[in-house]
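Let me begin by presenting the structure, written as structure tokens, before commenting on it.
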Amino acid sequence: MKPRSECTAHGCGRSGKKLKAAFLLLVIGLVYSELMNSDIPRGVANSGKLHMVHGLFVGIAIVGRILHRLGICHQVSFIRWFVACFLTRSNPVPAGLRVKDLKFSEVPVRVYEPTTVCDGLRRGLVYFHGGGWVLGNIDSVDEVCRHIAKKSDTTVVSVGYRLAPEHRYPAQLDDCETATCHFLSVAEAEFSVDSRRVAVGGDSTGANLAAALCQRLARREDGHLPFPCAQVLIYPALQMADFNLPSYQQNHAVPILFRGRMAFYFLQYLSGDMSVCQDLLEGNHIPTELRPRYEAWLSPSNLPPECLVRGFCEQPTPEYDGEVYHTIKAGLEPEVSPLLADDALIQKTPHTFLLTCEYDVLRDDGILYRKRLLDLKKDVTWQHVKDGFHGMINFFNQGWLTFPSALGVVDSVVNYVKTL
């Protein structure tokens with residue numbers, strides 16, 4: 001007869017294996033369920049690979065959610081850790097480029113300087129990463145910034161701004177302003193960069209920060225520092241007034257950004273109050289007196305006809321909820337929703353590069369912003385990726401995660417920056 005302690009040990013071992021198997025089956029079941037709710041149209045570039053990557057990201061999020069509910073760690077912390085450890089590629093710095101990690105007025109930055117000989121001063125680009133104001137960091141756009149710096153012979157500054165939920169609005173925008181103004185003040189003396197040829201830019205919510213920063217600086221007009229010469233906006237998130245635009249309807253379940261997830265990110269940025277998420281999606285947060293004004297800017301009739309080809313359903317007028325409005329009203333201000341700024345403020349913004357993707361819930365944000373800029377006779381360069389999806393730039397030169405189509409997105413930025 002085996003000793004009791006040995007039997008107990010064997011029993012615990014079997015129980016542990018059963019628990020692991022049950023946990024694995026649970027995760028697989030949840031991932032399968034989520035994948036069944038996704039919709040990847042045939043026209044998307046590398047659709048098979050996108051299915052696989054989406055499944056991986058869903059799995060990471062589900063494990064993080066389970067660990068969060070068990071009280072082991074926060075879901076966001078787990079996702080950040082996993083991505084940093086297993087999905088972020090770190091390559092040796094290529095020849096012809098010098099990379100330095102610095103702090104600009106206490107804000108972490110990474111500076112990419114071409115080492116080739118330059119006649120005179122170089123141009124500059126201050127870059128803000130995406131990630132829903134919650135995820136992402138300097139490392140997540142390292143390959144992108146290296147490529148832009150080297151191929152366009154431009155000094156690039158990547159900003160490591162603070163993130164939600166630890167820090168809410170306006171911390172992210174404040175950090176971007178601090179880093180940008182610091183760079184503008186020392187560009188020539190410390191980096192041999194012409195401060196009059198410095199642009200700001202970013203992808204997704206980083207593009208939101210770039211557009212909001214240009215409007216903030218334009219509103220102040222203090223004249224002490226040069227104004228950014230351009231804003232580079234890669235599939236930007238520009239408004240939280242209407243989550244039922246044609247692109248939100250057509251691409252509501254297209255990875256890697258679902259319609260509901262964008263509302264989640266806006267709320268994380270503002271306050272973290274998820275109780276009003278469904279109200280946001282339904283439009284209950286817009287006061288009756290503001291609707292005509294927003295509809296003039298956000299009407300589907302302002303979009304090119306091809307944006308309506310894949311279908312669009314007019315929504316009934318939502319029922320206004322004052323409590324919801326007061327919870328999120330900061331999000332309707334231009335510093336969170338640059339597309340909702342007055343004409344007088346948008347008139348002051350610099351030259352614009354806009355990139356949109358067909359299979360992206362944020363497609364219409366960018367296209368509608370382009371129309372507002374053009375209506376005000378502003379200079380706009382627009383690039384539309386017909387087989388593109390949100391987040392493409394995250395898969396640039398990332399080993400097995402690389403999407404070949406991401407190179408075209410980054411090179412379109414390179415080509416524009418060369419013109420500055």
Side-chain angles (χ1 to χ4, degrees), residues 40-41 43-46 50 53-54 57 125 127-136 140-141 144-145 148 199-214 230-240 242-243 245-259 261-266 269 298 303-304 306-307 310 336-339 352-373 380-396 403 405-417:
I40 301 182
V44 175
N46 306 105
L50 184 56
V53 170
H54 175 54
F57 286 174
L125 171 66
Y127 194 88
F128 312 130
H129 66 81
W133 304 285
V134 173
L135 303 171
S140 63
V141 290
V144 171
C145 292
I148 294 172
V200 297
D203 59 284
S204 188
T205 50
N208 169 283
L209 293 168
L213 177 59
C214 285
Q231 52 183 350
V232 177
L233 311 180
I234 304 167
Y235 39 74
L238 295 171
Q239 58 85 28
M240 61 174 291
D242 191 346
F243 293 90
L245 292 172
S247 61
Y248 269 109
Q249 293 187 26
Q250 296 162 5
N251 304 310
H252 70 279
V254 177
I256 55 175
L257 182 63
F258 285 12
R259 173 174 173 260
R261 199 66 180 170
M262 194 61 240
F264 167 87
Y265 284 136
F266 269 114
Y269 186 32
L298 304 178
L303 296 167
E306 54 267 29
C307 289
R310 290 194 289 126
V336 178
S337 295
L339 179 51
T352 303
F353 171 84
L354 259 169
L355 184 138
T356 54
C357 293
E358 177 61 29
Y359 301 103
D360 178 7
V361 293
L362 299 180
R363 179 197 69 196
D364 295 347
D365 280 26
I367 294 175
L368 291 169
Y369 196 50
R370 171 180 177 261
K371 184 179 188 305
R372 291 206 64 194
L373 290 164
V380 184
T381 299
W382 178 40
Q383 178 87 21
H384 185 62
V385 185
K386 293 183 178 179
D387 61 353
F389 58 91
H390 190 85
M392 291 179 72
I393 208 166
N394 297 63
F395 304 105
F396 172 73
F403 279 71
S405 50
L407 175 61
V409 173
V410 182
D411 276 344
S412 67
V413 177
V414 168
N415 294 334
Y416 178 76
V417 170

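All values derive from a computational prediction rather than experimental measurement.
Between Gly136 and Ser140, the closest heavy-atom pair is CA-OG, 3.7 Å. Here the shortest heavy-atom pairing between Pro255 and Ile40 reads CD-CG1, 3.5 Å. Between Phe266 and Trp133, the closest heavy-atom pair is CE2-CH2, 3.4 Å. The two residues Ala210 and Gly202 make their nearest non-hydrogen contact at CB-N, 4.4 Å. Listed here is the closest heavy atom pair of His390 and Ser204: NE2-OG, 2.9 Å.
In terms of modelled atom types and a separation under 3.5 Å, the side chain of Arg370 and the main chain of Val380 share no donor-acceptor contact. Proximity of a side-chain donor or acceptor of Asn251 to a complementary backbone N or O of Asp360 within less than 3.5 Å is detected. With hydrogens and angles disregarded, a donor-acceptor distance shorter than 3.5 Å links the side chain of Arg363 to the backbone of Cys307. The backbone N or O of Met240 lies less than 3.5 Å from a partner atom in the side chain of Ser337, making a donor-acceptor pair. Under the 3.5 Å distance criterion, the side-chain polar atoms of Tyr235 are matched with a main-chain donor or acceptor of Ile393.
The side-chain heavy atoms of Asp203 and Tyr127, taken from C-beta on, include a pair separated by under 4.5 Å. A 4.5 Å side-chain heavy-atom check between Leu135 and Tyr265 finds at least one atom pair inside the cut-off. At a threshold of 4.5 Å between non-hydrogen side-chain atoms, the residues Asn46 and Phe395 do not count as touching. Contact of the Phe403 side chain with the Met392 side chain is not registered, since no non-hydrogen atoms from C-beta on lie closer than 4.5 Å.
Each of Leu257, Val254, Leu245 was evaluated against Val361; a single residue qualifies, Leu257, per the side chain to side chain contact (heavy atoms under 4.5 Å, CB included) test. When each of Asp365, Val336, Leu368 is checked for a side chain to side chain contact (heavy atoms under 4.5 Å, CB included) with Leu238, only Asp365 meets the rule.
Both the sub-6.0 Å distance and the 45° axial angle are satisfied by Arg261 relative to the ring of Phe264.
In summary, the aromatic rings of Phe389 and Tyr359 are positioned with their centroids too far apart to meet the 6.0 Å limit.
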| request: Under the side chain to side chain contact (heavy atoms under 4.5 Å, CB included) rule, what do Tyr248 and Leu362 come out as? Steps first, then yes or no, please. | output: CA-CA 7 Å; Tyr248 269 109; Leu362 299 180; 3.4 Å; yes

